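Remember, it's 1-based here, ligands and their atoms both numbered in the order they're listed. All figures in this text were calculated on a predicted structure; none of them were measured in a lab. Below, each value reflects all heavy atoms present in this structure, side chains not excepted, and no hydrogens, waters or symmetry copies. Numbers here are sequence positions counted from 1.
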Amino acid sequence: MVRQATLVIIGVTVGVVLGVFIAALIFFGIRWYKKHARLTLSAKESSLTTLPIRTNGLGASTDFSASLTSSISNSMPENLPRNSNFYWRSHQNKDRFSPTSGISKYSYKEIQKATQNFTTILGQGSFGTVYKATMPTGEVVAVKVLDSNSKQGEKEFQTEVLLLGRLHHRNLVNLVGFCVDKGHRILVYEFMSNGSLSNLLYGEVKALSWNERLQIVIDISHGIEYLHEGAVPPVIHRDLKSANILLDYSMRAKVADFGLSKEEVFDGQNSGLKGTYGYMDPSYISTNTFTMKSDIYSFGIIIFELITAIHPHQNLMEYINLAAMDHDGVDEILDKQLVGKCNLEEVRQLAKIAYKCLHRSPRKRPSIAEVSQGILRIKQRRLIKEDTLPFAGSNLSRALTRVEDQQVELNKLTSMKHRETG
Ligand SMILES: Nc1ncnc2c1ncn2[C@@H]1O[C@H](COP(=O)(O)OP(=O)(O)OP(=O)(O)O)[C@@H](O)[C@H]1O
């Protein structure tokens, strides 16, 4: 009897202990699950508020991205939402940018060595001097050393590194690294061995062929298309001009300087307008509102530069307006280097697109996707024509194209060599 009672007590005790144990397990299990669910949710939320600049994000124009686009224009990172990862990271340690997209951080010493103590000057811009540098890996790059007294440059430096280190496209001059070291601010870009489009058009280098110019226009349009319609949130360049179009060893064009649009003195006074005189959308000047269509306007000017080799500071707009009065008016302002060496019908078609880009009303200007399609159609029409030529004629035309292509390749090699030794 006593044994039975003891067994019952033991059984009840074990049952209670087991019950408590199971209840505790359930309790902690539920707590863990809730906590885990909360963490996953907050991770999802924070990834939404992190700048999601990436490729192929078409149509992602949310309120957030729109407000962020305006913060990009108004300089980063102060205008970022406080709960964004960027805000947190950049305020956690102001001197240590997080390499958010795998871009490298260099020390001043490394840059000093790579530029042979800053002796390899490539050019001078309004933000500082640009040097050619060879990194320890053998990679050749261009480094832009920001003037230390430039306050504007400091802000835009942050924009460039935090925001644009995440933009990668074959028609953008990619930022590959940066240096923040003892007050020095340096940006490291991929090296563009054929320099700027403005140097090629107005310098003493060889003339650009019509095919090269058409390809350059196509490349630029793809670069802008990525900024306007591929990047999330969209990016407005604000300073498109031939000096900001750089060419690589194979003469492929890339858009540069998308974080460094500068404040220009306009009408002799500092108006607060950003951009470069001659490329600036007139409606931006009158309304102070910059939109993607203002970039389209600047692109229209660049297209006319390619057709005419006339710089916007040399009354290009007057020539364009004169040419607009006649159907074939553009023939009269064609770069003399192209006379007799290009298909005039293609020139007129391209000019027609450029005129649309310069429409006085921004709303009536085409989107960059429409511009790209229009330009590609010019090339396609040519290919179709070549294919429908009589057999012999087609062969002849292909042979001529091949000779022309070989000539282009030879010129590229010569100019590469020239730049590399120079
Ligand atoms: N990635 C690069 N590769 C090769 N050369 C470059 C590169 N970036 C700039 N350069 C050279 O350095 C020069 C100065 O460039 P930078 O971008 O500083 O000024 P800019 O665009 O000419 O003028 P601004 O600063 O007034 O807009 C360019 O004209 C070009 O020749």
Ligand 1 to [X] polar contact by distance, N or O atoms, under 3.5 Å:
X: N244; value: yes
X: M192; value: yes
X: D257; value: yes

What are the atoms of ligand 1, with element, lying closer than 4.0 Å to any heavy atom of [X]?
X: L122; result: 4 (C), 5 (N)
X: K241; result: 24 (P), 26 (O), 27 (O)
X: A142; result: 1 (N), 2 (C), 3 (N), 7 (C)
X: F191; result: 3 (N), 4 (C)
X: Q124; result: 14 (C)
X: A243; result: 21 (O)
X: L246; result: 1 (N), 2 (C), 7 (C), 8 (N)

At under 4.0 Å between heavy atoms, which part of [X] makes contact with ligand 1: side chain, backbone, both or neither?
X: T276; result: neither
X: S126; result: both
X: K144; result: side chain
X: K132; result: neither

Q) Looking at R348 and D331, does any basic side-chain N land under 4.0 Å from a carboxylate oxygen? A)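 Answer for the salt bridge query: yes.
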Q) So, are E346 and K379 salt-bridged, with charged N and O less than 4.0 Å apart? A)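 Salt bridge: no.
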Q. If you draw the axis of the six-membered ring of Y297, does the NZ or CZ of R365 fall within 45° of it and under 6.0 Å from the ring centre?
A.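 No; the conditions do not both hold, so R365 does not lie above the ring face of Y297.
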Using distance alone, with no hydrogens and no angle criterion, decide if [X] and [Y] have a side-chain donor and acceptor under 3.5 Å apart.
X: S242; Y: Y279; answer: yes
X: Y202; Y: E305; answer: yes
X: Q215; Y: N211; answer: no
X: D281; Y: S283; answer: yes
X: T308; Y: D335; answer: no
X: Q349; Y: R377; answer: no

Q: Examine ligand 1 and decide if any of its atoms is less than 4.0 Å from a heavy atom belonging to G195.
A: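 Flag not set, G195 not near ligand 1.
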(Q) Between S298 and I296 (side chain of the first, backbone of the second, donor and acceptor by atom type, cut-off under 3.5 Å), is there such a pair? (A)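 Not at all, since once roles are kept as given, no pair shorter than 3.5 Å links the two residues.
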